[in-house]
Amino acid sequence: MIVVTGATGNVGRPLVENLVAAGEEVTAVARRISPSDMPEGVRTVRADLARTEGLKEVFAGADRVFLLTSGEFLAAGGDVAEVVTAAGDAEIVLLSSQGVATGRHAPAFEEAVKATSPKWTVLQPGGFASNAFQWAPAIRADRVVAAPFGDVALPVIDPADIADVAAAVLREPGHHGRTYVLTGPEPISPRRQAADLGDALGEPLRFAELSEDEARAAMTEFMPPVVVEATLSILGRPTEEERRVSPDVEKVLGRPGRTFAEWAARNAAAFK
């Protein structure tokens, strides 16, 4: 049985659907979840992983676990080692971040998993294509995309590809002890993303480039300052490693990752 934490998110939801379609027994875990959120036959559990009481019941019967942590988990005093311990002998697939590999983010979560579980795999995705959802209100209202660093290109990844990689790692042998960096198949700038979204909608969108200070002010409304600065640094001054297309999606799946244009076409309704 596979436990999927963060099951209602951009990665967790398609992962659950993928595993169910493959015939796997799945328990879907999230802080706010009900059976109606998941495919038929999926066991759903409401749980906050930062609260250690009841964790063993969350993972009861699991032989494989998809583990998603977050800034909220850390802020609430969550302990990854306690979560992994509660999972017993289950294989752990941790959704981490490329920022750990590039030194942008602390490696504490990864280190805790590796120190606690002998059967681990780490996924380190770069920026998500779904971050473009933040533009949806302005696109719906004014047909405009406002973003900083309009011509800096990064290989953003479709969350569905992260889910596909996670499903493969959970279901196939040979992945223990490996770390996979997950990116899209090509670097793409915010200006180009706006053009692809316009193509998906069948009408052009206007791109308005924000200054770094304007972007900082907007992001500070919903992000801690330290996260804002790290994000702006990646978006505006990425390292060569952060610009590079990783081969790992194709290595695991046997196909290239989906393009941003494909993601935009699949999610066009959100911007109408």
Side-chain angles (χ1 to χ4, degrees), residues 5-6 9-12 49-50 66-81 83 92-115 120-135 147-159 161-163 165-166 178-190 193 210-249 257 260 263:
T5 66
N10 288 325
V11 176
L49 298 184
F66 176 76
L67 180 58
L68 183 150
T69 57
S70 65
E72 292 178 355
F73 172 87
L74 187 62
D79 187 328
V80 171
V83 175
I92 304 294
V93 177
L94 173 68
L95 184 63
S96 181
S97 167
Q98 186 186 20
V100 174
T102 60
R104 303 278 192 180
H105 303 306
F109 288 165
E110 291 189 15
E111 290 174 350
V113 169
K114 294 174 183 178
W120 56 265
T121 307
V122 173
L123 308 182
Q124 294 180 335
F128 285 24
S130 55
N131 289 342
F133 281 136
Q134 67 186 306
W135 298 330
F149 314 115
D151 297 306
V152 177
L154 293 167
V156 298
I157 184 166
D158 188 327
D161 283 330
I162 303 173
V165 170
R178 296 181 181 273
T179 297
Y180 296 112
V181 175
L182 308 180
T183 72
E186 61 178 355
I188 182 168
S189 68
Q193 289 179 45
L210 299 177
S211 70
E212 186 167 349
D213 285 342
E214 289 171 333
R216 180 178 290 107
M219 294 165 68
T220 301
E221 293 182 5
F222 59 92
M223 286 184 185
V226 65
V227 177
V228 170
E229 295 309 318
T231 302
L232 287 172
S233 182
I234 293 170
L235 295 177
R237 294 170 290 278
T239 66
E240 286 303 312
E241 187 174 358
E242 288 162 343
R243 294 174 182 266
R244 187 178 303 122
V245 172
S246 168
D248 288 352
V249 168
F260 182 83
W263 179 89

[X] and [Y]: which non-hydrogen atoms are nearest, and at how many Å?
X      : Y      : result
Thr5   : Leu68  : OG1-N, 2.8 Å
Glu242 : Leu154 : O-CD2, 3.5 Å
Pro148 : Ala215 : CG-CB, 3.6 Å
Pro190 : Ala147 : CB-CB, 4.2 Å
Ile162 : Leu95  : CG2-CD1, 3.8 Å
Phe128 : Val11  : CE2-CG2, 3.9 Å

Are any side-chain N or O atoms of [X] and backbone N or O atoms of [Y], one a donor and one an acceptor, separated by less than 3.5 Å?
X      : Y      : value
Thr220 : Arg216 : yes
Glu110 : Pro107 : no
Thr183 : Val245 : no

Are [X] and [Y] close enough that some pair of their side-chain heavy atoms sits under 4.5 Å apart?
X      : Y      : result
Leu67  : Val80  : yes
Lys114 : Val122 : yes
Phe66  : Thr121 : no
Val165 : Leu123 : yes
Phe260 : Val156 : yes
Ile234 : Thr102 : no
Trp263 : Ser130 : yes
Pro187 : Arg243 : no

- Query: In chain order, what residues pass the salt bridge (charged side-chain N to carboxylate O under 4.0 Å, His left out) check against Arg178, with sequence neighbours excluded?
  - Reply: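 For Arg178 there are no salt bridge (charged side-chain N to carboxylate O under 4.0 Å, His left out) partners, ignoring immediate neighbours.
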- Between CD of Gln124 and CG of Asp248, what distance do you get to the nearest 0.5 Å?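 Output value for this atom pair is 9.5 Å.
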- Message: With rounding to the nearest 0.5 angstrom, report the CE to CD distance, Met223 to Glu229.
- Response: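 If I round to the nearest 0.5 Å, the distance is 11.0 Å.
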- Is a salt bridge present between Glu212 and Arg237, judged by a nitrogen-to-oxygen distance below 4.0 Å?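 Arg237 and Glu212: salt-bridged.
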- Step by step, would you call Trp120 with Thr179 a side chain to side chain contact (heavy atoms under 4.5 Å, CB included)? CA-CA 9 Å; Trp120 56 265; Thr179 297; 3.9 Å; yes
- Message: Going by side chain to side chain contact (heavy atoms under 4.5 Å, CB included), name the residues that satisfy it together with Glu221, two or more places apart in sequence or in a different chain.
- Response: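 Side chain to side chain contact (heavy atoms under 4.5 Å, CB included) list for Glu221, sorted by chain: empty.
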